[in-house]
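A quick write-up on the structure given underneath.
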Amino acid sequence: MTKENRSLQKKEPLADRRELREGLRAGLPIGIGYFAVAFSLGIAARNAGMTVLQGFMTSILCNASAGQYAFFTQVAAGASLLEVAVMTLITNARYLLMSCALSQRLAPGTAIRHRLLLGTDVTDEIFGISVARPGFLNPWYAYGAMLASAPFWAAGTAAGILAGSLLPARIVSGLSVALYGMFLAVIIPPARTNRVVGACILAGFAASGLADRLPLLDRISVSNRTLVLTVVIAAAAALLFPVKEDTYE
């Protein structure tokens, strides 16, 4: 082994630890926001008959607000396992697109284990901060964000179950929109520096509003409309404004 190879092996763990620390710092404020939002999710879990442990385990294994809301609602309604599985797949389908997008940001030689682990906890916010990283994405940055934020989501759900219906309705309503406020905070900075990103965001807002009012399209579920619009707008942006291969070099 040459000195150059030994030097590279020493630098890689140092870089991974640095990325992990940066991910932990970036994920902490996301986690704090998650706790507040998951608190209201815990109320829905309690209405579905979930215990504190069941709610905690559900959130630690499925970190997805819309998917979990749909799951708890179906459990409360006595839906079958097949119905729950199909609804969860449809509701969380956007994460498949996000995972595919993140896979394109990884260095070509990234090990398959990192690619698989990275897809286990792709949320809107973690995707936002990860895809905005300059250069190739180091998986350890995403791991740090996950480690810092996921426990807050699970703990918030458990705390919400404990509090249950004691919270006033107006507080529950306010907490339910906190996640969307955080997402806006994630997408606005890159939109201000990249006109293509900004145009895609505006196109998404406009198309979503039109689809809610146009005949036939207004009959499609919100989750399916979101999926279709995401694919169409992303594909159009990729065709009209392709990213050069050396952009992330």
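This chain uses plain numbering: 1 for the first residue, then up along the sequence. Heavy-atom basis, side chains included; hydrogens, waters and symmetry copies ignored.
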To the nearest 0.5 angstrom, please state how far the CD1 atom of I129 sits from the CG atom of D124.
12.0 Å

For V131, is there any backbone N or O sitting under 3.5 Å from a side-chain donor or acceptor partner on R105?
yes

Taking atom CZ of F241 and atom CZ of R195, what is their separation to the nearest 0.5 Å?
11.0 Å

Out of curiosity, does L28 fall in the hydrophobic cluster containing F39 (side-chain heavy atoms, cut-off under 4.5 Å, transitive links)?
yes

Looking only at heavy atoms, the pair that brings A154 and I60 closest together is CB-CD1, 3.8 Å

Nearest-0.5 Å distance that lies between atom OG1 in T58 and atom CD1 in I161
7.5 Å

What pair of heavy atoms forms the shortest contact from L106 to P139, and how long is it?
CD2-CG, 4.1 Å

Taking all non-hydrogen atoms of both residues, which atom of I233 and which atom of A207 are closest, and how far apart?
CD1-CB, 4.5 Å

With the side chain counted from C-beta on, respond yes when M146 and Y141 share a heavy-atom pair under 4.5 Å apart, and no when they do not.
no

Exercise answer: donor-acceptor pairs, residues 110-120 side-chain atoms, under 3.5 Å, sequence neighbours excluded:
residue, atom, partner, partner atom, Å
T110, OG1, A107, N, 3.4
T110, OG1, A107, O, 2.8
H114, ND1, Y143, OH, 2.9
R115, NE, T110, O, 3.4
R115, NH1, S103, O, 3.4
R115, NH2, A107, O, 3.4
T120, OG1, L117, O, 2.6

Same apolar cluster: L53 and M50, side chain cutoff 4.5 Å
no

When clusters are formed by joining ILVMFWY residues with side-chain heavy atoms under 4.5 Å apart, either directly or through shared neighbours, do F72 and L162 land in the same one?
yes

T123 versus Y34, side-chain donor and acceptor atoms under 3.5 Å:
yes

If you measure from CZ on F152 to CG on N63, what distance do you get to the nearest 0.5 Å?
12.5 Å

Hydrophobic clusters here meaning ILVMFWY residues chained together by side-chain heavy-atom distances under 4.5 Å, can you tell me if I43 and F56 are in one?
no

Report, one line per pair, each donor and acceptor closer than 3.5 Å where one atom sits in a side chain of residues 75-82; sequence neighbours left out.
residue, atom, partner, partner atom, Å
S80, OG, E83, N, 3.3
S80, OG, E83, OE1, 3.4

Of all heavy-atom pairs between I201 and A191, which one has the smallest distance, and what is that distance?
CD1-CB, 3.7 Å

Is a side-chain N or O of Q54 found less than 3.5 angstrom from the main chain of T51, in a donor-acceptor match?
yes

Hey, could you give me the CH2/CG distance between W153 and D121, rounded to the nearest 0.5 Å?
10.5 Å

What are the two closest heavy atoms between N92 and A64, and how far apart are they?
OD1-CB, 3.6 Å

Are any non-hydrogen side-chain atoms of S99 and F127 less than 4.5 angstrom apart?
no

From L41 CG over to F71 CZ, what is the distance, rounded to the nearest 0.5 angstrom?
10.5 Å

Where at least one partner belongs to residues 20-31, residue pairs that pass salt bridge (Lys or Arg N to Asp or Glu O under 4.0 Å), sequence neighbours excluded:
E22-R133

Applying a strict under-4.5 Å side-chain criterion to I, L, V, M, F, W and Y, I'd like to know whether V84 and Y95 cluster together.
yes

Testing the 3.5 Å rule here: is there a donor-acceptor pair between the side chains of Q68 and S59?
yes

Is there a donor-acceptor contact under 3.5 Å from the side chain of S130 to the main chain of I126?
yes

